[in-house]
Participant: 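Quick one: this structure, given as C-alpha cells, is what I'll be asking you about.
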Amino acid sequence: MDTKTILITGGNDGIGRATAERLAARGAHLVLACRDDVKAQRTAQQIAEKTGNENIDTLPLDLADLSSVRDAAQEFLAEHPKLDVLINNAGVYTDRLERTKEGYELQFGVNHLGHFLLTLNLLPALQCCRLCSRVINVSSALHKKGVLDFENLRGEKGSRNYNGSAAYAQSKLANVLFTMELDRRYGTELTTNCLHPGVVGTRLANKKAGALTSTVWTMYKPFASSPEKGANTSVYLASSPEVREVSGRYFDEHQCLRKPSSIARNEQLARRLWEYSERAVADYLVQGMQGEI
Ligand SMILES: NC(=O)c1ccc[n+]([C@@H]2O[C@H](COP(=O)([O-])OP(=O)(O)OC[C@H]3O[C@@H](n4cnc5c(N)ncnc54)[C@H](OP(=O)(O)O)[C@@H]3O)[C@@H](O)[C@H]2O)c1
C-alpha cells in the first residue's frame with residue numbers, strides 16, 4: 001500500500017482510528033480528516049510511533065458544516081493530485097434532535113450529507129483509474145430498520161417526535177443508497193462499496209446520547225467486538241486485490257457479501273436521495289464540480 005493515498009473521516013477514534021493504524025502499518029500515506037485537529041494530530045503522532053510510518057497528515061473537517069467540508073476538499077485537492085481510497089467512516093449517534101450548521105437533522109447531516117458532499121468534491125482526485133480508486137462507506141446493519149422521511153430531514157416534525165435510533169437507521173440506510181447510486185453514476189471510473197463493521201465497543205453512543213442510552217451502551221461494550229476487529233472489513237475493502245473489481249455491494253463484519261434491505265436496493269429511492277442531496281449541497285461544490293454531477 002506504500003504508493004496509496006487514503007483519506008479516512010473520523011480517523012482519530014474508534015473504528016476509524018483502528019482502520020488508520022492498520023493501513024499505516026502497511027505503509028499507506030494517510031490523511032486523517034477530523035473535526036478536532038489537535039486530537040487528530042495527536043493520533044497521527046501515536047500511529048506514527050506505533051507503526052513507524054510518518055506519512056500521516058491531518059485535515060480539519062467538520063461534517064456538520066458544509067463550508068468546512070468544501071474547504072477540506074479544496075485543501076486536499078490543492079495538495080494531492082490523486083486519492084486512491086476514500087473511507088467515509090465518521091459517524092454520530094444522538095437521541096436528542098440537533099441540527100447541522102445548515103439546519104439538517106444531525107445524524108442525516110453528518111453521517112450522509114457531509115460525506116455525500118465530500119465524495120463529490122473529491123471526485124477529480126478519485127477518478128484516475130477504476131481499478132485503483134475506491135470509495136468505502138461505513139454503514140450499519142441497522143440500515144435495515146431505516147426508512148427515509150423526506151419531510152423530516154431538517155427535523156421539521158420537532159423534538160417531541162424525534163426518535164434517535166430511527167434517525168440513525170435512516171442515516172445508515174442513506175449510506176447504502178448513496179453507495180448504490182454512486183456505483184450507478186460513477187461505476188466506470190471508481191469502485192464503491194459499503195459495510196457493517198459489527199457491533200463494536202467504541203464511544204459512539206457515549207458522546208451525544210442521553211444518560212440512559214450511554215449507560216446501556218457502556219454496560220454492553222464488554223460483549224462487543226474491539227475497534228481492531230471492527231476495522232477488518234474497512235481494511236479489506238481498502239486494500240484487498242480480491243475486491244478490485246467489486247462495486248456497489250454491501251459487506252458484513254466477516255468480509256462476506258450480504259444483501260442489503262429491499263428499501264436499500266430501491267433504485268428510485270436512491271435516485272431521489274441523490275437529487276435531494278445534490279440540491280442540499282449545491283452551494284458548497286468546489287469550483288469545477290458545478291454542472292459535472
Ligand atoms: N460502533 C458500532 O457498533 C458501529 C456499528 C455499526 C456502524 N458503525 C459506524 O462506524 C463508524 C465509526 O463509528 P465508531 O463506532 O468508531 O464511533 P466513534 O468512536 O465515536 O468514532 C466516530 C468518529 O466520527 C467522528 N465524527 C463525529 N461527528 C463528526 C463531525 N461532525 N465531523 C467529523 N467527524 C465527526 C468522531 O470524531 P470525534 O473523535 O471528534 O468524536 C470520531 O472520529 C460510524 O459511521 C458508525 O455509524 C459503528
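Each ligand, and each atom within it, is numbered from 1 in the order the structure gives.
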Participant: Will you find, in the side chains of D13 and T202, an N or O donor that is under 3.5 Å from an N or O acceptor?
Facilitator: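 Per modelled atom types, D13 and T202 side chains form no pair under 3.5 Å.
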Participant: Go through the side-chain N and O atoms of D62 and S68 and say whether any donor and acceptor fall under 3.5 Å apart.
Facilitator: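 Side-chain D/A pair, D62 to S68: absent.
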Participant: To the nearest 0.1 Å, how far is atom 39 (O) of ligand 1 from its closest protein heavy atom, and which atom is that?
Facilitator: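 The closest heavy atom on the protein side is K39 NZ, 2.6 Å.
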Participant: Taking N or O atoms only and a 3.5 Å limit, does G11 qualify as a polar contact for ligand 1?
Facilitator: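 N/O-N/O distance below 3.5 Å does not exist for this pair.
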Participant: Heavy-atom distance to atom 5 (C) of ligand 1: which of A33, G198, S68, S140 wins?
Facilitator: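 When every heavy atom of A33, G198, S68, S140 is considered, G198 comes closest to atom 5 (C) of ligand 1.
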Participant: Provide, to 0.1 Å, the distance between atom 19 (O) of ligand 1 and the closest protein heavy atom, together with that atom's residue and name.
Facilitator: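 Here the nearest protein heavy atom works out to G14 CA, 3.3 Å.
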Participant: Between E275 and R272, is there a salt bridge with N-O shorter than 4.0 Å?
Facilitator: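 Here R272 does not pair with E275 in a salt bridge, since their nearest N and O are not under 4.0 Å apart.
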Participant: I need the nearest protein heavy-atom contact for atom 14 (P) of ligand 1: residue, atom name and distance, please.
Facilitator: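 It is T202 OG1, 3.5 Å.
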Participant: Going by atom types only, do Q45 and E49 share a side-chain donor-acceptor pair under 3.5 Å?
Facilitator: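 Yes, because at least one side-chain N or O of Q45 sits under 3.5 Å from a partner of the opposite role on E49.
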Participant: Between ligand 1 and L63, is the shortest N or O to N or O distance under 3.5 Å?
Facilitator: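 It does: an N or O of L63 is found under 3.5 Å from an N or O of ligand 1.
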Participant: Taking heavy atoms and a distance under 4.0 Å, where does K172 meet ligand 1: side chain, backbone, both or neither?
Facilitator: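 Looking at K172 and ligand 1, just side chain atoms fall under 4.0 Å.
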Participant: Are any of the heavy atoms in A18 under 4.0 Å away from ligand 1?
Facilitator: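 Judged by the 4.0 Å heavy-atom criterion, A18 does not count as contacting ligand 1.
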Participant: Tell me yes or no: between the side chains of N206 and S214, is some donor less than 3.5 Å from an acceptor?
Facilitator: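 Judged by distance alone, the side chains do pair up.
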Participant: Could you measure the distance from the CG atom of D183 to the CG atom of N193? Nearest 0.5 Å is fine.
Facilitator: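 Going from the CG atom of D183 to the CG atom of N193 covers 7.5 Å.
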Participant: With backbone taken as N, CA, C and O and side chain as the heavy atoms from C-beta onward, which portion of L204 lies under 4.0 Å from ligand 1: side chain, backbone, both, or neither?
Facilitator: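 Looking at L204 and ligand 1, atoms from backbone and side chain both fall under 4.0 Å.
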Participant: For T19, check side-chain hydrogen bond (donor to acceptor under 3.5 Å, both in side chains) against everything at least two apart and list the hits.
Facilitator: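 Per chain and number, T19 pairs via side-chain hydrogen bond (donor to acceptor under 3.5 Å, both in side chains) with no residue.
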Participant: Just checking, is any N or O donor in the side chain of S234 or N89 under 3.5 Å from an acceptor N or O on the other one?
Facilitator: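 Their side chains do not contain a donor-acceptor pair, so the 3.5 Å distance test is not met.
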Participant: Give me the residue, atom name and distance of the protein heavy atom closest to atom 36 (C) of ligand 1.
Facilitator: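 Checked against all protein heavy atoms, atom 36 (C) of ligand 1 sits closest to K207 NZ, 3.9 Å.
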Participant: For atom 25 (C) of ligand 1, what's the nearest protein heavy-atom neighbour? Residue, atom name and distance, please.
Facilitator: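 Scanning the protein heavy atoms, the shortest distance from atom 25 (C) of ligand 1 goes to A90 CB, 3.7 Å.
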Participant: With atoms numbered from 1 as shown, which atoms in ligand 1 lie under 4.0 angstrom from a non-hydrogen atom of D13?
Facilitator: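 The atoms of ligand 1 under 4.0 Å from a heavy atom of D13 are 19 (O), 39 (O), 42 (C), 43 (O).
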Participant: With a heavy-atom distance limit of 4.0 Å, tell me whether Y168 approaches ligand 1 through its side chain, its backbone, both, or neither.
Facilitator: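 Side chain only; the backbone of Y168 stays clear of ligand 1.
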Participant: Atom 43 (O) of ligand 1: which protein heavy atom is closest, and how many Å away?
Facilitator: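 Protein heavy atom at minimum distance: N12 OD1, 2.6 Å.
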Participant: Would you please determine whether T9 falls within less than 4.0 Å of ligand 1 on a heavy-atom basis?
Facilitator: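 No.
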Participant: Looking only at distances, can you tell me whether any N or O atom of V92, backbone or side chain, sits closer than 3.5 Å to an N or O atom of ligand 1?
Facilitator: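 No; every N/O pair is 3.5 Å or more apart.
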Participant: Under 3.5 Å, N or O to N or O, is G91 touching ligand 1 that way?
Facilitator: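 Yes, there is a polar N/O contact under 3.5 Å.
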Participant: Which residue owns the protein heavy atom closest to atom 9 (C) of ligand 1, what's the atom, and how far is it?
Facilitator: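 The answer is V138 CG1, 3.7 Å.
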Participant: Just to be sure I read this right, does ligand 1 sit under 4.0 Å from the backbone of N111, its side chain, both, or neither, counting only heavy atoms?
Facilitator: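 For N111, no heavy atom sits under 4.0 Å from ligand 1.
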Participant: List every atom of ligand 1 that sits less than 4.0 Å from any heavy atom of V199, numbering the atoms from 1 in the order shown and giving each element.
Facilitator: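 Listed by number with element, the hits are 3 (O).
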Participant: For F150, check ring-ring contact (aromatic ring centres under 6.0 Å, His included) against everything at least two apart and list the hits.
Facilitator: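 Partners of F150 under the ring-ring contact (aromatic ring centres under 6.0 Å, His included) test: Y276.
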Participant: According to the interplanar angle, ranging from 0 to 90°, do the rings of F116 and H112 count as parallel (below 30°), tilted (30 to 60°) or perpendicular (above 60°)?
Facilitator: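 Rings of F116 and H112: tilted, 30 to 60°.
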Participant: Are N232 and K229 close enough that a side-chain donor and a side-chain acceptor fall under 3.5 Å?
Facilitator: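 No, because no side-chain N or O of N232 sits under 3.5 Å from a partner of the opposite role on K229.
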Participant: Which ligand 1 atoms does N89 reach within 4.0 Å, using its non-hydrogen atoms?
Facilitator: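 Going through ligand 1 atom by atom, the ones under 4.0 Å from N89 are 11 (C), 12 (C), 44 (C), 45 (O).
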Participant: Does the pair Y250 and L195 meet the rule for a side-chain contact (heavy atoms from CB on, under 4.5 Å), with working shown?
Facilitator: CA-CA 5 Å; Y250 168 72; L195 67 114; 5.7 Å; no
Participant: Taking N or O atoms only and a 3.5 Å limit, does I15 qualify as a polar contact for ligand 1?
Facilitator: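 Among all N and O atoms of I15, at least one is under 3.5 Å from an N or O of ligand 1.
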Participant: Strictly under 4.0 Å, does any heavy atom of W217 approach an atom of ligand 1?
Facilitator: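 Yes.
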Participant: List the closest protein heavy-atom neighbour of atom 33 (C) of ligand 1: residue, atom name, distance to the nearest 0.1 Å.
Facilitator: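 For atom 33 (C) of ligand 1, the nearest protein heavy atom is L61 O, 3.3 Å.
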Participant: Does ligand 1 have any atom that is closer than 4.0 Å to a heavy atom of S139?
Facilitator: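 Flag set, S139 near ligand 1.
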Participant: Under 4.0 Å, heavy atoms only, figure out whether ligand 1 is touched by the backbone of P197, its side chain, both or neither.
Facilitator: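 Only the side chain of P197 comes within reach of ligand 1.
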Participant: Using a 4.0 Å heavy-atom cut-off, which part of D62 comes near ligand 1: side chain, backbone, both, or neither?
Facilitator: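 Within the 4.0 Å criterion, D62 contacts ligand 1 through backbone and side-chain atoms alike.
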Participant: Assess whether a salt bridge exists between D149 and K157, defined as any Lys/Arg side-chain N lying under 4.0 Å from an Asp/Glu carboxylate O.
Facilitator: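 Yes, D149 and K157 are salt-bridged.
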Participant: Is it true that T233 and E253 share a donor-acceptor pair across their side chains at a distance under 3.5 Å?
Facilitator: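 No, because no side-chain N or O of E253 sits under 3.5 Å from a partner of the opposite role on T233.
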Participant: Distance from L117 atom CG to L285 atom CG, nearest 0.5 Å?
Facilitator: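 These two atoms lie 6.0 Å from each other.
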Participant: Return yes if a side-chain donor-acceptor contact under 3.5 Å exists between H29 and T5, otherwise no.
Facilitator: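 There is such a pair between these side chains.
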